Amino acid sequence: MKIFSTLSGKKEQFVPQSDEVTMYVCGVTPYSDAHIGHAMSYIIFDVIRRYIRFSGYKLKFIQNVTDVDDKIIDRANKKGIPAIELAEQYSDSFMADMDALNVVRADFYPRATGEIDKIIEMVQGLVNNGYAYEVNGSVYFRVTKVSDYGKLAHRTLDSMMAGARIEIEQDKEHPMDFTLWKASKPGEPSWTSPWGEGRPGWHIECSAMSLKYLGDTIDIHGGGSDLIFPHHENEIVQSECFTGKKPFAKYWMHNGLLQFGGDKMSKSLGNLITIKDALQKYNVDTIRIFILNSHYRSPLKYSLEAFQAAESAADRLRRTVEREDNANNTNKLDPQPYRKLFIEAMDDDFNTPQALAALFDLARAINQAADAGTDISEAKNTLAELAQNVLGLKLASISYEQNPEIQKLIQERQTFREERNWKEADDVRQKLADLGVAVEDTPTGVKITPLKKK
RNA sequence: GGCGACGUAGCCAAGUGGUAAGGCAGGGGUCUGCAAAACCCCCAUUCAGCGGUUCAAAUCCGCUCGUCGCCUCCA
């Protein structure tokens, strides 16, 4: 298995430290509903996790919830509720979204507010060994003391300074120094520390959690490419300087970002589509195929057309899995060649578009074989296994058996058809269409599917 | 201003030296009472443009044009 690491800038052979792979992906700061950009990132890392397990490794996966932060405090103040309550609310909302998107849960979701002891221990350690300094109750990291600062973003301190819009903060020794511990203002959530009342800076919680739950060196650390700098860069220096061990993470993985249409990517929330909105309109498989049909490191443009294409594609796989087995036929379709292609694609830095292509090739072969009466049971199992276990698709069809109105109309139509009364039969079909379902006559009986949105 | 990514058919999108995957849409056909689904055939002599290296380039190099990201909160 090969993984592209942002740190080295190339694909590397994946060699975990042990049979149990340790992995950390930056989670959310819960102050509003998550949007489909979040869905993209977490679905991608979900598939990566699923594939690592599918390949035979064990995996320990941790994801943070940063439940104390400026934006949470601002938003909570506007709403007139405690910050922790707001964070709780949106954190629950996020978990519900992840479940709905069929994202496998992490082993544990530590919260920043629950890890204050570890955070203070780290900040103190960094002060003690000279990598951090306290000014007016806040503690800053001294970036000039680290020779390889910028190694993840592939930049140097000088190049960062050139033309950068950096707000000059009087307290900092160097403009690029970043906050480890922030002195709190009155009314803000705060904890007692050796430097007075305060709260964690932005980057420190991820380091603390990763070190505490996964160890000094983990195998994979991931997140959106917008986190490379400064978030992950800072995680690296503060962690490595605290533990004295390198590397903090062996492989750094970053997904490309979702772009919103050709229009202005307006910063106002009007342009953002929440996961809840998307799920209202499309099923999980549609959303997952939309995302997995492009490579995870490439940016992806949101478009209605692409979603509709993904919906049709999902439907194709779903229908294929539902075809009759012909299990009594002695001719069998062998899915191995397709399985091999799928695995080769996934082994090459999780090339899901190519893996999906292998699945569609298998689907075509299955349909061909099914038309010919060949036994497709094993091939179908392979298709379902790879699609569901690795790509996290559900391939679940909607059942209308519990709907008496639809069942009654189907019966009516069957009667007309047996009487060869095509006119009446077609009228009933139209009635069913008005109810949002399409009826298909197949050799094995009537099949009801949701009517396609045009 | 600095750093970086990208530009492949109507749309989405793989492919990083050996002659263009896959999905969607479209056209024709088989099947069907009609449909739908499925299947078959067709749909980029060509990979933004211009030069260069090479026996050979979408793939390497240079320039031009265009789009985007990061440098500030962000998956």
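Atom set for the values below is all heavy atoms of this structure, side chains included, hydrogens, waters and symmetry mates excluded. The shown structure was predicted, so the numbers you read here are calculated from the model rather than taken from an experiment. In the text below, chain A, chain B and the rest are named by the order of the sequence lines, each starting its count at 1.
- Protein atom CD1 of A/Ile228 is 14 Å distant from nucleotide atom P of B/A75, rounded to whole Å.
- A cation-pi geometry, defined here as NZ or CZ lying under 6.0 Å from the six-membered ring centre and within 45° of its normal, holds between A/Arg49 and A/Phe61.
- Between the side chain of A/Lys380 and the backbone N or O of A/Arg323 there is at least one donor-acceptor pair closer than 3.5 Å.
- Across all strands, A/Asp69 comes closer than 4.0 Å to no nucleic acid atom at all (heavy-atom distances).
- Closest to the side chain of A/Arg319, out of B/A14, B/C70, B/A38, is B/A38.
- If you measure from atom CZ of A/Phe360 to atom P of B/A14, you get 14 Å, rounded to the nearest angstrom.
- No donor-acceptor pair closer than 3.5 Å links the side chain of A/Ser138 to the backbone N or O of A/Lys182.
- Heavy atoms of A/Gly27 sit under 4.0 angstrom from primed sugar atoms or phosphate atoms, though from no base atom.
- A pairwise comparison of heavy atoms in A/Ala112 and A/Val68 identifies CB-CG1, 4.1 Å as the closest pair.
- One interatomic measurement links the two molecules: CZ of A/Phe178 to C1' of B/U72, which rounds to 16 Å at whole-angstrom precision.
- Nucleotide B/A5 forms a pair with B/U67, judged by Watson-Crick or G-U wobble geometry with both contacts under 3.5 Å.
- Across all strands shown, A/Leu227 has heavy atoms under 4.0 Å from sugar-phosphate atoms exclusively, and none from any base.
- Residues of residues 423-442 of chain A that place a heavy atom closer than 4.0 Å to RNA chain B, in numerical order, are A/Asp426, A/Arg429, A/Val439, A/Glu440, A/Asp441.
- As rounded to whole Å, 14 Å separates atom P of B/G4 from atom CD of A/Glu233.
- Distances from the side chain of A/Gln259 to the nucleotides B/C68, B/C71, B/G69 place B/C68 closest.
- Summarising the geometry, the separation between CZ on A/Phe307 and P on B/A13 is reported as 12 Å, rounded to the nearest angstrom.
- Using Watson-Crick or G-U wobble geometry with both donor-acceptor distances under 3.5 Å, B/C34 finds no partner in any strand shown.
- One finds no salt bridge joining A/Lys79 and A/Glu85 here, because no Lys/Arg side-chain nitrogen approaches an Asp/Glu carboxylate oxygen to under 4.0 Å.
- Distances from the side chain of A/Asn255 to the nucleotides B/A25, B/C40, B/A75 place B/A75 closest.
- A donor-acceptor pair under 3.5 Å links the side-chain atoms of A/Lys60 to the main chain of A/Tyr213, judged by distance alone.
- Contacts between residues 104-113 of chain A and RNA chain B, counted as heavy-atom distances below 4.0 Å, involve no residue at all.
- The C1' atoms of B/C60 and B/G1 are separated by 30 Å, rounded to the nearest whole Å.
- Closest approach to the A/Leu300 side chain among B/A13, B/C11, B/C70 is made by B/A13 (side chain taken as heavy atoms from C-beta onward).
- Of all nucleotides present, none satisfies the Watson-Crick or G-U wobble test against B/U53 with each distance under 3.5 Å.
- When the P atom is compared between B/A37 and B/A25, the two are found 9 Å apart, to the nearest whole Å.
- If you check B/G26 for Watson-Crick or wobble pairing at under 3.5 angstrom, you find it paired to B/C42.
- Of the candidate nucleotides B/A75, B/C12, B/G33, B/G33 has the atom lying nearest to any side-chain atom of A/Arg413.
- Residues A/Arg316 and A/Ser312 have side chains not in contact (no heavy-atom distance under 4.5 Å, counting atoms from C-beta outward).
- Contact annotation: A/Arg420 side-chain N/O to B/C34 OP1/OP2 distance is not under 4.0 Å.
- The nearest pair of heavy atoms linking A/Leu292 to A/Leu391 is CD1-O, 3.7 Å.
- Only the P atoms considered, B/A20 is 12 Å distant from B/A44, to the nearest whole Å.
- Within the nucleic acid shown, A/Asn293 comes within 4.0 Å of at least one base atom, counting heavy atoms only.
- Remark: the separation of the C1' atoms in B/U16 and B/U59 is 5 Å, to the nearest Å.
- Between A/His38 and A/Tyr42, the ring planes are parallel. Angles under 30° get that label, and only those over 60° would be called perpendicular.
- Counting only N and O atoms by type, the side chains of A/Asn351 and A/Tyr296 include no donor and acceptor under 3.5 Å apart.
- For the P atoms, the distance linking B/G49 with B/G7 amounts to 13 Å, nearest Å.
- Within the structure, every side-chain polar atom (N or O) of A/Arg316 is placed at least 4.0 Å from both OP1 and OP2 of B/G22.
- Side-chain contact check for A/Gln63 versus A/Arg105: every heavy-atom pair is 4.5 Å or farther apart.
- Between A/Leu432 and A/Glu405 there is no side-chain heavy-atom pair separated by less than 4.5 Å.
- In this structure, A/Tyr31 places its OH atom 7 Å from C1' of B/C73, rounding to the nearest Å.
- Separating the C1' atom of B/C6 from that of B/A48 is a span of 11 Å, rounded to the nearest Å.
- For the C1' atom pair drawn from B/G22 and B/A9, the interatomic distance equals 13 Å after rounding to whole Å.
- For the pair A/Val237 and A/Phe178, the minimum side-chain heavy-atom distance is below 4.5 Å.
- When side chains are defined from C-beta on, A/Phe94 does not count as touching A/Pro30, because their heavy atoms never get closer than 4.5 Å.
- Across all strands shown, B/A21 forms no Watson-Crick or G-U wobble pair with both key distances under 3.5 Å.
- Atom CD of A/Gln336 has more than 12 neighbouring heavy atoms from other residues, nucleotides or ligands inside a 6.0 Å radius.
- Here B/A38 is the nucleotide among B/A75, B/A38, B/G22 with the atom lying nearest to any side-chain atom of A/Asp371.
- Residues of residues 34-48 of chain A having a heavy atom closer than 4.0 Å to RNA chain B, listed by number: A/His35, A/Gly37, A/His38, A/Ser41, A/Tyr42.
- We find that CZ of A/Arg155 is positioned 11 Å from P of B/C70, with the value rounded to whole Å.
- Within 4.0 Å of A/Arg417, counting heavy atoms only, lies at least one base atom of the nucleic acid.
- B/U67 and B/C31 have their C1' atoms separated by 46 Å, given to the nearest Å.
- Shown here, B/U59 forms no base pair; nothing in the strands shown gives a Watson-Crick or G-U wobble contact with both key distances under 3.5 Å.
- The nearest whole Å value for the distance from the CZ atom in A/Phe229 to the P atom in B/A75 is 17 Å.
- Annotation: cation-pi geometry satisfied between A/Arg155 and A/Phe229 (NZ/CZ under 6.0 angstrom from ring centroid, within 45° of ring axis).
- When the nearest nucleotides of RNA chain B are assigned to A/Asp348 and A/Ser225 by heavy-atom distance, the more 5′-ward of the two goes with A/Asp348.
- Among the atoms of the strands shown, only primed sugar atoms or phosphate atoms (P, OP1, OP2) are found under 4.0 Å from some heavy atom of A/Ser298.
- Of the residues near RNA chain B, A/Ala365 and A/Gln354, the one whose nearest nucleotide (by heavy atom distance) lies more toward the 5' end is A/Gln354.
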